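Computed from a predicted structure; not experimentally measured. Chain letters run A, B, ... following the sequence lines, proteins first, then strands; residues in each count from 1.
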Number of protein chains: 2
Amino acid sequence: MVQIPNTPTSADVARLAGVSRATVSYVLNNTSAVRISEPTRRRVHEAARELGYVPHAAARSLRAGHSRMVLMPAPAIPVGPLYSGFLNELQWALGRLDYTVVQYGTVGLLGDEAARAWAELRPVAVLVPGAELGPQGVRVLKRSGARAVVTLGPERVDGAHALLMDHDTVGRCAAAHLYEGGRRRIGVVVPEESGLEAYSRPRLAGVRQALSGTDAAVTELPLAYTEESAARLAAGWRESGLDAVFAYNDEYAMLLMRALQDEGLRVPEDVALIGADDLMLGRLLRPRLSTVHIELPSGRDLAELVDRAVRDPGGEPEVHKVLGASVVRRESS
Amino acid sequence: MVQIPNTPTSADVARLAGVSRATVSYVLNNTSAVRISEPTRRRVHEAARELGYVPHAAARSLRAGHSRMVLMPAPAIPVGPLYSGFLNELQWALGRLDYTVVQYGTVGLLGDEAARAWAELRPVAVLVPGAELGPQGVRVLKRSGARAVVTLGPERVDGAHALLMDHDTVGRCAAAHLYEGGRRRIGVVVPEESGLEAYSRPRLAGVRQALSGTDAAVTELPLAYTEESAARLAAGWRESGLDAVFAYNDEYAMLLMRALQDEGLRVPEDVALIGADDLMLGRLLRPRLSTVHIELPSGRDLAELVDRAVRDPGGEPEVHKVLGASVVRRESS
DNA sequence: TTGAAAGCGGTACCAT
DNA sequence: ATGGTACCGCTTTCAA
């Protein structure tokens with residue numbers, strides 16, 4: 001009968017090696033303030049290996065009074081190659097600085113409840129994309145020991161560092177481009193899928209900003225990510241009189257372009273079309289899809305911001321504008 | 001001068017409420033084995049609220065000897081809407097069962113090192129997609145208290161439960177479809193991007209299986225996710241004599257279709273083309289892209305498997321084949 | 001109904 | 001060079 005072995009602790013290692021728990025700790029952590037003889041070190045390592053000892057992170061950080069865990073909420077929506085690459089780079093960079101990145105699978109908790117749940121893990125830093133966190137939440141996190149709270153979103157939150165990802169810029173870029181191309185009746189696709197408002201609203205607002213005071217008119221175009229919805233939108237196109245559209249992103253743009261073409265409308269002659277995110281696939285369309293290329297901050301830079309903030313928790317919150325947007329003109333506009 | 005307040009502990013709450021720590025614990029956890037008077041309860045809740053008390057998860061689970069944390073490695077590659085939806089459902093379902101899902105940002109650690117890092121967090125269950133975990137890793141995790149280890153991948157791992165996501169099936173499906181359409185010289189795209197081998201290899205193998213013993217020939221087609229690479233592949237197409245291709249997935253298929261068409265080849269007359277994953281965007285191509293629709297297991301089912309395994313850690317590892325694949329014939333094949 | 005106290009697994013100070 | 005021990009925050013038994 002095979003016993004399910006109990007999880008070995010440092011006391012087990014100590015016993016097996018014939019030393020004290022303190023010595024085990026010294027050896028396994030390479031504590032420099034203390035010299036342990038080579039034979040003893042070997043015995044300890046040997047014992048740890050033999051038992052398959054793995055230290056208990058919770059016990060360690062309980063004693064230490066802090067952890068090296070950087071927490072972020074796990075994204076609830078499918079995330080494109082751009083953001084995914086950013087995340088990877090960030091994790092890699094934080095890993096190099098000896099932080100452990102953990103994405104918390106927030107289910108349905110909203111704002112402050114979520115912050116409480118995160119705070120229970122006592123992360124040393126919290127990174128929050130979007131607008132999921134209010135000043136209240138920041139306070140909860142700081143109160144419970146988070147030395148840095150960084151938001152990545154449209155606007156700054158009191159008490160937190162901010163990487164301002166100003167999606168207005170994306171809309172402004174697109175609008176300016178269309179306007180310069182001589183378009184005056186400009187549609188803006190607003191996805192009906194939920195969870196996208198955080199991006200679609202500022203993008204729309206950016207278009208409005210760029211065009212306010214001009215002779216151009218802006219029309220909001222709700223669109224679900226289905227062929228039917230796109231066909232419906234395209235069917236009413238002629239009477240709408242729109243001569244250009246900023247389609248939220250490349251995927252919605254592709255969907256809409258197809259529907260417009262099926263309706264007999266010519267792109268870009270009848271309708272100029274531009275997306276955003278600069279997906280590979282946009283280049284495959286005919287006409288090739290114009291797009292707003294978006295530049296995210298480098299993961300390394302954010303990692304360094306986090307590290308700086310952790311080392312100096314008293315410092316003034318840093319606020320950086322970090323979203324670069326530039327038009328990639330292809331053939332659809 | 002504003003003091004940075006120390007994180008309040010249950011002792012602080014007890015002091016403020018004028019009761020013992022034990023009482024605080026009873027009240028805040030609604031311990032049913034013990035009756036606390038209503039006035040006391042109120043005082044405790046009041047004190048906790050006032051201090052902004054948040055319990056310390058590490059201390060709690062250290063004392064309890066176990067946690068409710070389900071750990072999975074964070075995906076290193078951008079993940080499509082299909083898998084992303086699956087993950088969300090899973091997290092939601094596990095949340096309902098009162099588990100906390102955490103994605104560990106594994107940087108570059110390979111197999112067993114990663115397992116060790118995960119084990120430090122003492123998760124009650126570990127879910128590992130792909131083939132990142134060997135039997136050694138499973139042992140480390142179980143040894144350190146994980147009551148369930150579940151792999152989601154091509155093959156089962158000793159000691160762990162397995163959700164067999166048999167991507168061979170995808171290849172078989174595609175191959176059978178192309179063969180039935182009368183095609184005999186069949187190409188299979190193998191992405192050059194790393195991290196995709198776990199899927200591309202079995203998909204290719206599936207094609208080989210389905211076609212072995214027939215008069216069809218299979219050709220492996222390395223392809224990077226760039227227009228240049230696709231153009232190069234298309235340029236050599238005529239002399240290759242291939243009359244069909246399974247393009248790994250819809251994205252590579254879209255890329256390749258464009259390149260083939262630009263080369264003057266007709267789809268499907270000259271080349272039948274099929275992708276996989278059934279992306280929305282494939283329907284927008286002309287001809288519409290045929291694809292292999294993939295059915296992932298339900299997140300709820302996996303959550304229940306996890307829960308079952310946690311409750312009965314001694315049970316035999318369950319092994320389920322969970323990948324449904326079916327051809328969606330459109331116009332490209 | 002409430003409190004005192006032990007102990008979970010580590011770390012680090014102070015002795016020896 | 002090593003060991004004894006207090007303590008991190010919380011839960012839970014046992015006593016009062």
For this session: Please report how far the helix from C:dT1-D:dA16 to C:dT16-D:dA1 bends, comparing the axis fitted to its first five pairs with the axis fitted to its last five, to the nearest 10 degrees.
Result: 40°
Exercise. So, are B:Arg308 and B:Asp312 salt-bridged, with charged N and O less than 4.0 Å apart?
Worked result: no
For this session: Could you point out which residue of B:Arg49, B:Arg42, B:Arg43 forms a side chain to side chain contact (heavy atoms under 4.5 Å, CB included) with B:Glu46?
Result: B:Arg49
Could you pull out every donor-acceptor pair under 3.5 Å between side chains of residues 110-118 of chain A and any protein atom, sequence neighbours left out?
unit_1	atom_1	unit_2	atom_2	d
A:Asp112	OD1	A:Gly137	N	3.3
A:Arg116	NH1	B:Tyr53	O	3.2
A:Trp118	NE1	A:Thr106	OG1	3.2

Exercise. Are the side chains of A:Leu127 and A:Leu302 in touch, meaning some heavy atoms are under 4.5 Å apart?
Worked result: yes
Exercise. How would you label the contact of A:Thr40 with the nucleic acid (heavy atoms, under 4.0 Å): base, sugar-phosphate, or nothing?
Worked result: sugar-phosphate
For this session: Could you run through nucleotides 10-16 of chain C and give me one letter per nucleotide, 5' to 3': B if any protein heavy atom sits under 4.0 Å from the base, S if only the sugar-phosphate is that close, - if neither?
Result: BBBB---
For this session: Please list, chain by chain and in numerical order, all residues satisfying ring pair (Phe, Tyr, Trp, His ring centres under 6.0 Å) with A:Tyr199, sequence neighbours excluded.
Result: A:His167
Problem set entry | Test item: B:Asn29 and B:Ser25 side chains (from C-beta on) under 4.5 Å apart, heavy atoms | yes
Problem set entry | Earlier contact from the 5' end, DNA chain C, for A:Ala58 and B:Arg35 | B:Arg35
List the atom pairs, donor and acceptor, that lie under 3.5 Å between side-chain atoms in residues 65-83 of chain A and the rest of the protein, sequence neighbours left out.
unit_1	atom_1	unit_2	atom_2	d
A:His66	ND1	A:Ala64	O	3.3
A:Ser67	OG	A:Met69	N	3.2
A:Ser67	OG	A:Arg122	O	3.2
A:Arg68	NE	A:Asp98	O	3.3
A:Arg68	NH2	A:Leu97	O	2.8

Problem set entry | Between C:dT2 (C1') and B:Arg42 (CZ): distance, integer Å | 17 Å
For this session: Report yes if some heavy atom in the side chain of B:Thr23 is under 4.5 Å from a heavy atom in the side chain of B:Ile36; otherwise report no.
Result: yes
Problem set entry | First and last nucleotide of DNA chain D, 5' to 3', lying under 4.0 Å from heavy atoms of chain A | D:dA1 to D:dG9
Exercise. Rounded to whole angstrom units, what separation is found between the CZ atom of B:Arg15 and the P atom of C:dG3?
Worked result: 14 Å
For this session: Look only at the side chain of B:His320 and the backbone of B:Val322, and say whether a donor-acceptor pair between them is shorter than 3.5 Å.
Result: no
Exercise. Among side-chain atoms of A:Arg41 and A:Asn30, is any donor-acceptor pair under 3.5 angstrom?
Worked result: yes
